[in-house]
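These notes are about the structure you will find just below.
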Amino acid sequence: MCGIVGIIGQTPVGQLIYDGLTVLQHRGQDAAGIVTINDNTFRLRKDNGLVKDVFHTRHMLRLQGNVGIGHVRYPTAGSSSSSEAQPFYTGAPYGISLAHNGNLTNTAELQQWLFNTARRHVNTTSDSEVLMNILGYELQQTHSLELKADDIFTAVTNVHKHCRGGYAAVSLIIGHGMLAFRDPNGIRPLVFGKRETQTGVEYMVASESVALDACDFEFVRDIAPGEAIFFGEDGSLHSQQCAENPAFSPCIFEFVYFARPDSTIDKISVYASRVEMGNKLAEKISREWADEDIDVIIPIPETSCDIALQIANHLDIPYRQGFVKNRYIGRTFIMPGQEQRKKSVRRKLNAIGAEFKGKNVLLVDDSIVRGTTSEQIIEMARASGAKKVYFASAAPEIRFPNVYGIDMPSPNELIAHGRELDDICEMIGADKLIYQSIEDLEAAVSKANPEIKRFETSVFNGEYITNDINQDYLEQLDAKRNNQTKELSDKNDESIIDLHNEG
């Protein structure tokens with residue numbers, strides 16, 4: 001999962017892009033980058049790390065220009081080296097830079113096509129660089145020195161014909177303007193806003209509406225599945241549907257976990273959807289656990305707080321904040337490597353013993369992915385004196401890999417894969433476990449926007465909406481990720497050896 005920002009303004013935009021990336025930091029903590037255009041030249045700074053660590057004053061002073069794009073990343077395809085950080089850029093044609101959120105499912109096929117047919121070199125293993133080169137090739141087919149909006153939309157139409165998977169992208173074209181487009185299923189979110197200044201109108205594109213708020217842009221609307229919007233350097237705006245058969249199927253996990261509660265995505269308030277998840281889960285608890293004596297409901301901060309509060313209100317059971325979160329520790333779901341996740345949980349949360357001692361506790365979390373965090377938190381609750389520990393998940397069982405931009409490619413890492421409820425409950429050490437049903441989750445999220453008839457829910461049911469995923473693909477993806485994990489582990493071992501040698 002990644003976060004993208006793009007701004008075309010009347011004054012330098014570097015600081016605004018920085019601010020936008022800061023509030024999208026929850027979408028990726030592995031790397032960050034900003035590119036601007038000044039004097040017909042790309043100005044680029046990117047590296048591994050958080051936004052605040054990648055950009056210093058000296059970098060911001062160099063990022064001049066009234067148009068630019070930015071990116072925060074955690075690795076879903078490709079490695080986690082700084083060479084994979086975005087945005088990417090290429091000199092041909094015109095000069096193009098691109099930032100991308102999502103994952104292409106036919107990357108290997110596209111790489112071969114680029115080499116054999118387009119004669120374009122891809123320098124990294126990132127599917128985002130592939131996407132940029134596909135766009136570049138199609139723009140080059142216009143054979144025009146001065147691109148018109150129709151030329152750009154024709155190029156994006158052909159990009160959709162080439163590319164499969166989930167992608168929301170923002171791109172700069174030197175001498176022309178800024179382009180934003182979204183995959184035909186609308187899997188990954190993308191919004192745009194505007195603001196009027198004394199010198200003219202400015203436009204902003206972002207993964208979530210909260211970035212518009214932070215930069216004082218007025219939300220206009222979501223970019224539709226398959227749609228492209230071109231923002232000209234002259235302040236003009238052009239939009240066109242570029243997909244043949246667009247289908248609205250946004251990723252439901254955005255609402256469960258990834259997006260900030262103060263964001264609105266596809267006309268749905270993330271906060272309101274989580275409140276409704278709490279209502280639905282409370283109804284299920286009432287039906288199935290009517291005989292259970294629950295003394296207190298405690299959320300696992302922070303995504304589940306709104307959900308747990310609604311469950312407590314519905315069941316008329318006290319709600320308590322039983323865990324204190326260290327806000328200077330990153331999100332454990334995003335951290336690479338199982339051992340790193342295990343170590344981080346204890347540093348991330350600490351229990352308030354009085355809220356657990358002698359009580360039957362219902363812990364509420366947004367989801368259970370690998371089960372590592374859940375198991376350790378239940379151990380913490382018991383160590384703090386809880387008599388019984390029940391566990392509720394606001395999302396259904398996560399049984400299948402995600403291929404559209406979420407770091408869940410290996411089914412062997414998913415605790416629910418191939419296991420039933422009682423087995424999962426025993427593995428995490430709970431006295432009882434309950435999951436939200438997929439029907440209730442979809443009803444909770446779609447309540448605010450009945451126009452959405454189908455969500456991307458492959459992690460729960462194994463149904464991949466692009467209809468191009470088979471077992472061979474999943475096995476190749478799993479093998480690729482295992483190799484990358486081994487490489488990362490080897491690098492860490494080398495670093496330790498080097499450090500010992502220096503000592």
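The shown structure was predicted, so the numbers you read here are calculated from the model rather than taken from an experiment.
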Minimum heavy-atom distance [X]-[Y], with the two atoms named:
X    : Y    : answer
M60  : Q64  : O-NE2, 4.0 Å
V51  : V72  : CG2-CG1, 3.6 Å
S171 : I69  : CA-CD1, 4.5 Å
F400 : F460 : CE1-O, 3.6 Å
G3   : L21  : O-CD2, 4.4 Å
F153 : A228 : CE2-O, 3.5 Å

Side-chain heavy-atom pair [X], [Y] within 4.5 angstrom cut-off:
X    : Y    : value
V35  : R43  : no
V270 : T264 : no
R62  : N38  : no
D183 : C163 : no
T90  : M132 : yes
L98  : F88  : no
L114 : I134 : yes
F217 : F192 : no

Hey, are [X] and [Y] close enough for a salt bridge, meaning a charged N less than 4.0 Å from a carboxylate O?
X    : Y    : value
E109 : R164 : yes
E227 : R221 : yes
R195 : E218 : no
E397 : R419 : no
D262 : R260 : yes

Is it true that the side chains of [X] and [Y] contain a donor and an acceptor less than 3.5 Å apart?
X    : Y    : answer
H160 : N158 : no
T41  : D39  : no
S304 : D366 : no
T125 : E84  : yes
Q15  : D19  : yes

So, does [X] use its side chain to make a donor-acceptor pair with the main chain of [Y] at under 3.5 Å?
X    : Y    : value
Q436 : A394 : yes
K46  : A85  : yes
H417 : I415 : no
Y271 : D306 : no
S437 : D440 : yes
Q241 : P225 : yes

Quiz item: Pick one: which of E456, H100, E254 meets side-chain hydrogen bond (donor to acceptor under 3.5 Å, both in side chains) with R188?
Solution: E254
Exercise. Report, as yes or no, whether the 6.0 Å neighbourhood of atom OH on Y89 holds more than 12 heavy atoms from other residues, nucleotides or ligands.
Key: no
Practice problem: May I ask you to check whether over 12 heavy atoms, not counting those of Q471, lie within 6.0 Å of atom CD? | Solution: yes
Quiz prompt | Verdict with supporting geometry, D222 and L190, side chain to side chain contact (heavy atoms under 4.5 Å, CB included) | solution = CA-CA 6 Å; D222 299 275; L190 196 59; over 6 Å; no
Quiz item: Going from CG on D216 to CG on L212, what distance comes out if it is rounded to the nearest 0.5 angstrom?
Solution: 10.5 Å
Quiz item: Which value, rounded to the nearest 0.5 Å, describes the distance between N133 atom CG and N123 atom CG?
Solution: 10.0 Å
Quiz prompt | Derivation and outcome, side chain to side chain contact (heavy atoms under 4.5 Å, CB included), residues V170 and H71 | solution = CA-CA 10 Å; V170 60; H71 188 268; over 6 Å; no
Quiz item: Are F258 and H26 near enough that their ring centres are under 6.0 Å apart?
Solution: no
Quiz prompt | side chain to side chain contact (heavy atoms under 4.5 Å, CB included) assessment of S128 paired with V130 | solution = CA-CA 5 Å; S128 303; V130 170; over 6 Å; no
Exercise. Take H162 and L110, measure what side chain to side chain contact (heavy atoms under 4.5 Å, CB included) needs, and give me the verdict at the end.
Key: CA-CA 8 Å; H162 286 291; L110 293 173; 4.0 Å; yes
Quiz item: Where does the angle between the aromatic ring planes of Y137 and W113 fall among parallel (under 30°), tilted (30 to 60°) and perpendicular (over 60°)?
Solution: perpendicular
